[in-house]
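As structure tokens, the structure follows; a few thoughts come after it.
These figures come from a predicted structure and were not determined experimentally. Below, all heavy atoms of this structure are taken into account, side chains as well, without hydrogens, waters or symmetry copies.
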There are 2 protein chains.
Amino acid sequence: MALDQHEVPDIVVGRLPVYLRALSAMKSGGKQYTSSHELAEWLGISSAQIRKDLSHFGEFGKQGTGYSVIGLYDELRQILHLDQDWPLIIVGAGNIGSAVASYTGFSHRGFRVVGLFDNDPTKIGAQIGGLTVQSNNEIPQFVADSHTQHAMITVPAQYAQQVADILVASGIKAILNYAPINLNVPHNVHVEYIDPVLHLQKMTYYL
Amino acid sequence: MALDQHEVPDIVVGRLPVYLRALSAMKSGGKQYTSSHELAEWLGISSAQIRKDLSHFGEFGKQGTGYSVIGLYDELRQILHLDQDWPLIIVGAGNIGSAVASYTGFSHRGFRVVGLFDNDPTKIGAQIGGLTVQSNNEIPQFVADSHTQHAMITVPAQYAQQVADILVASGIKAILNYAPINLNVPHNVHVEYIDPVLHLQKMTYYL
DNA sequence: ACCAGTTTGTTCATACTAGCACAAGCGCGC
DNA sequence: GCGCGCTTGTGCTAGTATGAACAAACTGGT
């Protein structure tokens, strides 16, 4: 019912991609309808939470029937602005960067890797995942030309901040940082972090 | 002051590794003392939150002085049970699994990759990151012999659940899952998820 | 047409989380 | 020795998140 997007809590926004992922799996499985209860069991959360999260954006279900899988899938894609393919660049062509550049899981989830950059002269020019590694010097021009707003940082920690500065100056608005360090960026640039060791360490507390 | 570890909120435990990471960086930089305020600015959170989080486990600071970097670092390592090296296996020797197996960032943060597994006959026997790829059939014996409790799943989504079942049956207690799917495991097994696309999709909402 | 079985969207109460603000404690300089 | 500046640990308050519960609504069968 409420559509004032400015009031949606960040934590709710963070769950929408999870719902989208589950719906995508159901869609692939040929399922036509689902319910908040089924989704909840699937994801290990409460059904009330799913219904309340969705209610921030509109009324997508029907009493007695539940949700159309494809219908809700499309709604969530629109809400998350994923009804288009966003270009995405990767800075850092080491082990992780190369693996991510070769990852085929982006294409059908809203993103397309269009550029791969590294400062190591021995890597520049190499072909990885169908892309040619370019020098970091090319980043500003490339970002401007391709209207790219998403970037992933996969360089060693000591270079991550300076890469982030380059990306911000180039106009990047969303950074996914694989380096185990906190980045300093302006408020209008979004940053998310991935550090597998953090997750392992957290679980180790309970062992 | 409170030491009843059973009452520490999960969200607090999740922040401890972040503090540990920052302290490690400060230690490398030769810094001897720090304060909750400095840590807070470094990490972009409030100083009160840091002090309160730490207060769940004891009193580690001194008024007027702050915290000894090395002292707090060691305390957190003990709290998280990271004052030892935990063996860790990786199932899935594809792009991501290979990259993670070659990642050198585990060794000084409490973990050591001791095994790499895959079901693809063309990969078994290959050398990746100093490890020989073994068949998934070897997992139960290997886990038992090496007393391993941590595992990472880097196989395609459609195989992730069956790999998880094998791991659980083998005695693994903590799973870090890279496959974009929710796993079903017993309550005494901990699971954490890494899916870069989830982070990208969340940020795209705000663009 | 009506009833039984489902499921939604929302209300309400409870639980949790975050940060302000302050007393107590420590160190340094005079 | 004393006072000033700084920092911790914690009580308290305000804000946020969660889940139980229910009225309204839809479907299918009789």
query: Hey, what's the ring geometry for B:Phe111 with B:His150, parallel, tilted or perpendicular (30° and 60° as the breaks)?
result: perpendicular

Contacts of A:Lys62 that satisfy side-chain contact (heavy atoms from CB on, under 4.5 Å) - sequence neighbours left out: A:Thr65

- prompt: Rounded to whole angstroms, how far apart are NE2 on A:His56 and P on C:dT10?
  reply: 10 Å

task: Give the rounded distance in Å between these two atoms: CG of A:Asp53 and C1' of C:dG9.
output: 13 Å

message: Keeping B:Asp118 on the side-chain end and B:Ala93 on the backbone end, is there a donor-acceptor pair under 3.5 Å?
response: yes

- line: Within residues 9-31 of chain B, the residues having a heavy atom closer than 4.0 Å to DNA chain C are B:Pro9, B:Ile11, B:Arg15

statement: Contact string for nucleotides 23-30 of chain D, one letter per nucleotide 5' to 3', B = base within protein heavy-atom range under 4.0 Å, S = sugar-phosphate only, - = neither, reads -BBBS---

- line: Contacts of B:Phe106 meeting ring-ring contact (aromatic ring centres under 6.0 Å, His included) (sequence neighbours excluded), chain-then-number -> B:Tyr103

- request: Name every residue in residues 32-50 of chain B that has at least one heavy atom under 4.0 Å from any atom of DNA chain C, in order of residue number, or write none if there are no such residues.
  value: B:Ser46, B:Ala48, B:Gln49

- request: Mind calculating the distance between CZ (B:Phe60) and C1' (D:dT8) to the nearest angstrom?
  value: 13 Å

query: Who are the salt bridge (Lys or Arg N to Asp or Glu O under 4.0 Å) partners of B:Arg51, not counting sequence neighbours?
result: none

Residues which pass side-chain contact (heavy atoms from CB on, under 4.5 Å) with B:Asn137, listed by chain and number, not counting sequence neighbours: B:Ser135

field: Euclidean distance, atom CD of residue A:Glu7 to atom C1' of D:dA17 [Å, nearest integer]
entry: 15 Å

field: Protein-nucleotide distance (B:Arg51, atom CZ; C:dT17, atom P), rounded to Å
entry: 19 Å

task: Kindly write out the residues that satisfy side-chain contact (heavy atoms from CB on, under 4.5 Å) with B:Asp10, not counting sequence neighbours, or none if the list is empty.
output: A:Lys202, A:Tyr206

message: OP1 or OP2 of D:dC6 versus the side-chain N and O atoms of B:Tyr67: is any pair under 4.0 Å?
response: no

field: Set of residues satisfying salt bridge (Lys or Arg N to Asp or Glu O under 4.0 Å) with respect to B:Glu75, sequence neighbours excluded
entry: none

- request: Could you tell me the separation between the NZ atom of B:Lys52 and the C1' atom of D:dA14, rounded to a whole number of Å?
  value: 12 Å

message: My understanding is that only residues two or more places apart in sequence, or in another chain, count here; which of them pass salt bridge (Lys or Arg N to Asp or Glu O under 4.0 Å) with B:Lys31?
response: B:Glu38

query: What pairs of residues pass the ring pair (Phe, Tyr, Trp, His ring centres under 6.0 Å) test when at least one of them lies in residues 15-36 of chain A, not counting sequence neighbours?
result: none

Sequence-distant partners of A:Asp53, salt bridge (Lys or Arg N to Asp or Glu O under 4.0 Å), two or more places apart: A:Arg15

message: Rounding to an integer number of Å, can you tell me how far A:Phe57 CZ sits from C:dT8 C1'?
response: 17 Å

